[in-house]
Amino acid sequence: MSTNTTDNTRKVTTRRLVEMKQRGEKISMLTAYDYSSAKIIDAAGIDVILVGDSASNVMAGNITTLPITLDQMIYHAKSVMKGTSRALVVVDLPFGTYQGNSKEALASAIRIMKESHAEAVKMEGGSEIRESIERILSAGIPVMGHLGLTPQSINKFGTYSVRARQEEEAAKLIEDAKMLDEIGCFGVVIEKVPAELAARVAKEITIPVIGIGAGGGVDGQVLVMHDMLGINQGFSPRFLRRYADVAGVMTDAVQRYIDDVKSGDFPSPAESY
Ligand code: KIV
């Protein structure tokens with residue numbers, strides 16, 4: 001039984017997320033990549049659905065998020081939009097579609113908005129991609145930032161370990177978060193950094209900070225749905241809380257189905273025409 005007191009009927013907008021931060025109401029966010037899952041989590045009352053480029057890992061089976069294409073992200077975003085009525089839907093701009101060329105970045109964001117009807121985009125990085133973010137914002141497209149561990153840069157980091165433990169990297173993260181706030185982003189995901197640093201950022205900027213592996217002192221939390229439901233069993237970082245064992249439920253159901261087919265128990269006369 002949920003103890004959630006959020007208004008589960010009112011449409012979530014970027015503006016409403018900022019109001020939630022101002023009221024001290026925590027923001028819930030989960031990934032989804034398909035119609036059926038989006039429909040379930042939207043009806044359950046999730047505030048924000050992220051069509052994350054983690055689809056590259058959990059849907060396509062790639063080791064990193066780098067291979068997923070803009071066309072594939074748009075396909076997932078279109079499916080999610082069909083299943084969503086209340087949550088705000090944010091779509092990741094995939095690797096290679098916005099870094100280094102702000103005109104290409106705008107063209108990529110426009111394709112997502114026009115073809116999927118999603119409501120915002122998310123982009124990894126700070127000062128390095130400022131021009132791209134500003135160009136997208138100038139077209140009226142809401143942008144969410146993503147700082148700390150940015151999986152699209154895995155080949156630069158070489159590891160998925162905690163970021164910004166050192167003073168220099170922490171200072172850059174704070175500066176980047178302030179910049180994202182000043183230029184007009186509506187929120188920022190901060191991934192896998194010390195809780196104290198993330199809480200400080202959340203206090204010092206006006207837009208919501210959504211954490212993943214960033215402690216409880218931020219304005220909301222995001223997890224990859226396949227991880228928190230226990231569909232993806234091979235990923236167990238400290239920050240992940242598993243709320244179900246869906247892989248276990250599926251395995252049991254499929255094994256019982258196989259047994260019933262093999263034994264001739266399924267279908268029964270009542271399940272036949
Ligand atoms: O792609 C994704 O799922 C993400 C979350 C981990 C924040 O960016």
Side-chain angles (χ1 to χ4, degrees), residues 17 26-34 37-38 41 46-70 72-77 79-80 87-99 108-109 112 116 118 120-126 129 133 143-154 157 159-164 173 176-177 180 185-193 198 201-202 207-215 218-229 231-232 234-242:
L17 294 182
K26 298 273 189 184
I27 296 162
S28 61
M29 174 163 157
L30 275 180
T31 61
Y33 319 101
D34 68 285
S37 306
I41 67 174
I46 200 78
D47 295 316
V48 184
I49 296 180
L50 172 66
V51 184
D53 59 359
S54 49
S56 178
N57 309 108
V58 297
M59 300 301 288
N62 295 312
I63 292 168
T64 72
T65 57
L66 274 65
I68 201 160
T69 65
L70 187 57
Q72 287 166 335
M73 288 303 295
I74 290 170
Y75 166 81
H76 288 299
S79 312
V80 165
L88 178 81
V89 177
V90 181
V91 182
D92 265 336
L93 276 175
F95 175 69
T97 65
Y98 63 95
Q99 300 95 339
S108 305
I112 287 179
S116 76
V121 296
K122 177 165 83 56
M123 300 162 72
E124 294 184 7
I129 57 158
I133 298 174
V143 176
M144 173 172 253
H146 185 152
L147 301 172
L149 175 63
T150 47
Q152 291 178 13
S153 304
I154 183 58
F157 297 146
T159 158
Y160 288 102
S161 57
V162 177
R163 306 299 312 173
L173 188 143
D176 281 342
L180 295 175
C185 290
F186 71 89
V188 57
V189 166
I190 295 191
E191 180 164 353
K192 224 170 172 188
V193 304
V201 173
I207 56 175
V209 172
I210 312 296
I212 172 163
V218 291
D219 307 301
Q221 299 292 328
V222 58
L223 285 175
V224 170
M225 186 189 67
H226 287 62
D227 299 337
M228 60 82 78
L229 289 182
I231 298 172
N232 178 25
F235 182 65
S236 308
R238 187 205 294 202
F239 68 75
L240 176 63
R241 187 178 293 182
R242 265 198 227 295

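Just so we're clear, the structure is a prediction, and the values are computed from it rather than from any experiment. Just follow the structure's listing: the first ligand is 1, and inside any ligand the first atom is 1.
- With sequence neighbours excluded, the residues forming a side-chain contact (heavy atoms from CB on, under 4.5 Å) with Val224 are Thr31, Tyr33, Ser54, Val58, His226, Asp227, listed by chain and number.
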Begin from the C-alpha positions of Val48 and Ile210 and carry the test side chain to side chain contact (heavy atoms under 4.5 Å, CB included) through to its verdict. CA-CA 10 Å; Val48 184; Ile210 312 296; over 6 Å; no
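- The main-chain N or O of Leu93 is found under 3.5 Å from a side-chain atom of Gln152 such that the two form a donor-acceptor pair.
- With sequence neighbours excluded, the residues forming a side-chain hydrogen bond (donor to acceptor under 3.5 Å, both in side chains) with Ser28 are Asp47, listed by chain and number.
- Listed by chain and residue number, Asp92 satisfy the salt bridge (Lys or Arg N to Asp or Glu O under 4.0 Å) test with Lys122 (two or more places apart in sequence, or in another chain).
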Using a cut-off of under 3.5 Å, which N/O atoms of ligand 1 pair up with protein N/O atoms, and what distance separates each pair?
| unit_1 | atom_1 | unit_2 | atom_2 | d |
| --- | --- | --- | --- | --- |
| ligand 1 | 1 (O) | Asp53 | N | 3.2 |
| ligand 1 | 1 (O) | Asp53 | OD1 | 3.0 |
| ligand 1 | 1 (O) | Ser54 | N | 3.1 |
| ligand 1 | 1 (O) | Ser54 | OG | 3.3 |
| ligand 1 | 1 (O) | Asp92 | OD2 | 3.1 |
| ligand 1 | 3 (O) | Ser54 | OG | 2.5 |
| ligand 1 | 8 (O) | Lys122 | NZ | 2.9 |

In sequence, state the C-alpha distance, the side-chain angles, and the governing distance for Thr150 and Arg163, and then conclude on side chain to side chain donor-acceptor pair (under 3.5 Å). CA-CA 9 Å; Thr150 47; Arg163 306 299 312 173; over 6 Å; no
